[in-house]
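Written out below as structure tokens is the structure these notes cover.
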Amino acid sequence: MKTFKALGLVSLLATGCAFAATAQEAQEAKTPARQSWTFAGPFGHYDQAQLQRGFEVFRNVCANCHSANLLAFRNLSEEGGPAFSEAQVKALAAEYTVKDGPGDDGAMFDRPGRPADHWVPTYANPEAAKATLGAAPPDMSVLAKARGYEVGFPKFIFDLFTQYQEAGPDYIYSLIALGYSDKKDLNHNDYFPIPGGHIAMPRPLSDKMVDYTDGTPPTVDNYARDVTAFLTWVAEPKLEDRKKTGLRAIIFLLIFSGLLYFTKKKIWADAH
Ligand code: HEC
């Protein structure tokens, strides 16, 4: 009797472990490797030429499916971003058709876009995109900040000191540049963190699909880095200001600590 019970227990445990193992296996997406970005670290800043190239990739590739509702055309001419000229942005906006109105007759009407308009999405709403693509592509306004991956103990403690904040960009880059493999099914992505790694987005990039005018080689790797930098700027256009303020605050605190130290020394100099 006892042996049976023990056997039963063992087999129960074994099945439990097997279940846990398959669940674990299915869930395991690869952890993105850390990339080097100009906007990383306390002196981080955007590379204007890279943002301009990234915008071309966004506009010609990603924007066919993804929206970016918080991005206004005029943002593209702001300092610290791609900083296109105002004339360029005006011409760009005019290429898009915006629904406006109602006019005097009470009807909505179409007109060419203006710099103050927000980005014009290909699909009017997520439902329409889902109906065509099988899943709704997430809006890109804050995607680079909204995505990331678990760093885990003890690495995240070191990250506090190195100021690592690029989990989102590292994830996006890995997903679009490295995640697809020809051997498995075309919608498998090694970095997509759902069980099985099945993603509704087919491989979005291939070499030479977007023209670069500044001599940068038109490769998947460069497209992925550039569009990721662009999306990071879209998600956090004030990153440079934030880092500059942080640096100033730290310098101030250092000087202030020094002053306090000497003040303390002076005040207590006669006390023995
Ligand atoms: C053919 C349409 C299409 C194109 C083009 C496309 N995407 Fe997607 N994308 C999708 C869909 C659909 C999803 C949702 C996938 C899902 O939920 O399975 C998605 C999801 C994503 C995700 C989100 C993964 C997550 O964590 O939720 C990222 C990041 C992404 N796309 C980046 C890009 C970038 C960058 C480009 C341009 C280089 C691009 N996509 C081009 C359709 C597209």
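When a ligand or atom number is given, it counts from 1 through the structure's own listing order. These numbers come from a predicted model, not from an experiment.
Heavy-atom contacts of Ala135 reach the following atoms of ligand 1: 12 (C), 16 (C), 17 (O) (cutoff under 4.0 Å). Interface atoms of ligand 1 facing Leu175, defined by a heavy-atom separation under 4.0 Å, are 22 (C), 24 (C), 28 (C), 29 (C). Close approach to Tyr171 involves these atoms of ligand 1, each under 4.0 Å from a residue heavy atom: 24 (C), 25 (C), 26 (O). Under a 4.0 Å criterion applied to the non-hydrogen atoms of Ala200, ligand 1 contributes the atoms 15 (C), 16 (C), 18 (O). For ligand 1 and Ile199, the ligand atoms under 4.0 Å from any heavy atom of the residue are 15 (C), 18 (O). Shown in contact with Pro138 at under 4.0 Å from a heavy atom are these atoms of ligand 1, numbered in order with element: 19 (C), 20 (C), 23 (C). Below 4.0 Å from some heavy atom of Cys65 lie the following atoms of ligand 1, by number and element: 1 (C), 2 (C), 3 (C), 4 (C), 5 (C), 42 (C), 43 (C).
The shell of residues lying under 4.0 angstrom from ligand 1, judged by heavy atoms, excludes Phe58. Heavy-atom distances between Lys130 and ligand 1 stay at or above 4.0 Å for every pair. Contact annotation: Asn64 has no heavy atom less than 4.0 Å from any atom of ligand 1.
Between Phe158 and Tyr164, the gap from one ring centroid to the other reaches at least 6.0 Å.
When heavy-atom distances to ligand 1 are checked against a 4.0 Å cut-off, Pro137 comes that close through both its backbone and its side chain. Neither the backbone nor the side chain of Thr228 has any atom closer than 4.0 Å to an atom of ligand 1 (non-hydrogen atoms only). At a heavy-atom distance under 4.0 Å, only backbone atoms of Ala136 (N, CA, C or O) approach ligand 1. Neither the backbone nor the side chain of Ile194 has any atom closer than 4.0 Å to an atom of ligand 1 (non-hydrogen atoms only). Contacts of Tyr223 with ligand 1, taken as heavy-atom pairs under 4.0 Å, are absent altogether.
A donor and an acceptor atom, one from each side chain of Tyr173 and Asp221, are located under 3.5 Å apart.
The shortest heavy-atom contact between Val57 and Leu205 is CG1-CD2, 4.0 Å.
Between Trp119 and Phe55, the ring planes are perpendicular. Angles over 60° get that label, and only those under 30° would be called parallel.
Put simply, His66 gets within reach of atom 8 (Fe) of ligand 1, with an N, O or S atom under 2.8 Å from it.
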